[in-house]
Amino acid sequence: MSRSAPTQTARTVIAKRSPNAPVETDEIEALVKANGDDVVATVTQVGPNDSGTYLGSGKLEELAAVVEEEKAGRVVVDGELTPDQHHTVEQRMPEETIVVDRYRLVLELFESQAGTRRAQLQVELARLRYDLPRVIAAADEGMLNQQTEKGSRIYDVEERIDRLETKLKELPEPAEQFRQRRREEGFDLVTLAGYTNAGKSTLLHRLADEMSLEDRAEDAPADGDGKDATAAIEDRLFETLETTTRRATLEGRPALVTDTVGFVDDLPHDLVESFSSTLSEAAAADVVVLVVDAGDPLETFRERLSVSLEVLEAQGVDDDRIVPVLNKAETLSEEERRRRSSVAADLVPEPAAEPILASLLEGTNLETVRSEIRERFPEERATLRLPNTDDAMSLVSTAYDRTTVESVDYEGETVTLTCRGRPSVLERLQGRAEKFG
């Protein structure tokens, strides 16, 4: 059976295959550190995957020696281990060494961050689904039938999975209730989607009415400069599993912008979906801003953009609701910018907005991003004629708060209001206006 995860900081050795993916190496180290552990060494296997041991017998011996030498209590494998591979690797390590793969590491991160009851249950369910085949693989083959009997560890896990699935189905879906209420109040909904560290949090701070980059800069070390402090917005992996929503006004139109949990490489996206409303938020939003790190190596950039688009398509996000933002343009030469723009133009579906090369950190092309979002809001135009009374002025005030007011004309005892907004909001305003006779 898999050994339990530690409850305090652990000295950790990272094990990985193929040295030709520096971006992924940086990510696995960031994930380990975000989990509160110390990386004391990295062991890399050059070559193909070994089906039985993942790293190969020789490399496992080297890994075990490094673990012993560094007095490490934990090994993190930068990949997804099969149950049999996990059991084999763990058995070859010094006694009491805990072995986790990338998938299990992210489970631990999510488990430490789950705040709501729903999130806690989802994390537990995903962990048990992950652990079950590993519990079976670790069981003595001759005792497997006995292990599956009532009262065994395997039976207990299976029973708990069934109970959690039932309990989650019975819980109300707060995100859907929230979306419905906000739409009724007249807000357009914008979701920020993309990989971790692409710049979604920076964009949220750029768009929100009551937030700024300086807000987060105040959290940085006193000796750091403003740019480094701002960059720290993107360096906190999985700061929270709960989506962050802020109000924004885009060309006069009130909106709610939601920053969601980002994707990470080599991780099944249904895992991310299990722990947050990231994808359901995207499917229900009026506009989805897909933020991509243009500073990634070209092939990584291409792969992440392609996968992100596939995920949005699988969730039923209409192409014409997508606004692709190629962030971190300031890190690229002019030639590299053209390459990223060309790749994006080939991948992004035609109904979506034209990919926007931007620097959210420096504010380059931010107004273009705002304009493209605003252009995709559903709207109609209405002209209301009201008596010039205090009650009617209350309606005018509501129109300013919930729509884009084009004009207000006062002619004697009559007020003529022309505004643009969500059809449902205009319908309610017209209903109130009719009551004035």
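- Among Asp50, Leu81, Leu63, the single residue meeting the side-chain contact (heavy atoms from CB on, under 4.5 Å) criterion with Leu55 is Leu63.
- If you check the side chains of Thr258 and Thr191, you find no donor sitting under 3.5 Å from an acceptor.
- The residues Glu165 and Lys169 are annotated as not salt-bridged, no charged nitrogen and carboxylate oxygen being separated by less than 4.0 angstrom.
- Between Glu251 and Arg370 there is no salt bridge, since no side-chain nitrogen of the basic residue lies less than 4.0 Å from a carboxylate oxygen of the acidic one.
- Figure legend: Arg247 and Phe187 shown without cation-pi pairing, the cationic atom not lying both under 6.0 angstrom from the six-membered ring centre and within 45 degrees of its axis.
- The side-chain heavy atoms of Leu203 and Val291, taken from C-beta on, include a pair separated by under 4.5 Å.
- Judged by distance alone, with hydrogens and angles left aside, the side-chain atoms of Ser342 form no donor-acceptor pair with the main-chain N or O of Arg338 at under 3.5 Å.
- A 6.0 Å sphere centred on CZ of Arg163 holds more than 12 heavy atoms belonging to other residues, nucleotides or ligands.
- Here Glu354 pairs with nothing under the salt bridge (charged side-chain N to carboxylate O under 4.0 Å, His left out) rule; sequence neighbours left out.
- Using a cut-off of 4.0 Å between Lys/Arg side-chain N and Asp/Glu carboxylate O, Arg304 and Asp296 are scored as salt-bridged.
- Classification of Asp259 and Lys200 as a salt-bridged pair holds, one side-chain N sitting under 4.0 Å from a carboxylate O.
- Of the options Thr368, Ile356, Leu290, Leu192, a side-chain contact (heavy atoms from CB on, under 4.5 Å) to Val323 is made by Ile356 and by none of the others.
- In the displayed structure, Asp162 atom CG is contacted under 6.0 Å by more than 12 heavy atoms of other residues, nucleotides or ligands.
- Looking only at atom types and distance, the side chain of Asp101 has a donor-acceptor partner in the side chain of Tyr130 under 3.5 Å away.
- With a 4.5 Å cut-off on side-chain heavy atoms, Val415 and Val408 count as touching.
- Between the side chains of Asn388 and Glu413, not a single donor N or O lies within less than 3.5 Å of an accepting N or O.
- Between the Asp319 side chain and the Pro349 main chain, no donor and acceptor come within less than 3.5 Å of each other.
- With rounding to the nearest 0.5 Å, the separation of CG in Asp286 from CZ in Arg253 is 8.0 Å.
- With respect to the salt-bridge test (charged N to carboxylate O, under 4.0 angstrom), the residues Glu406 and Arg420 qualify.
- A donor-acceptor pair under 3.5 Å links the side-chain atoms of Asp293 to the main chain of Gly295, judged by distance alone.
- A donor-acceptor pair under 3.5 Å links the side-chain atoms of His86 to the main chain of Val99, judged by distance alone.
- Here CD of Glu303 is found 10.0 Å from CG of Leu347. Values are rounded to the nearest 0.5 Å.
- Classification of Asp37 and Arg74 as a salt-bridged pair holds, one side-chain N sitting under 4.0 Å from a carboxylate O.
- Judged purely by atom type and a 3.5 angstrom limit, Arg337 uses its side chain to pair as donor or acceptor with the backbone of Ala329.
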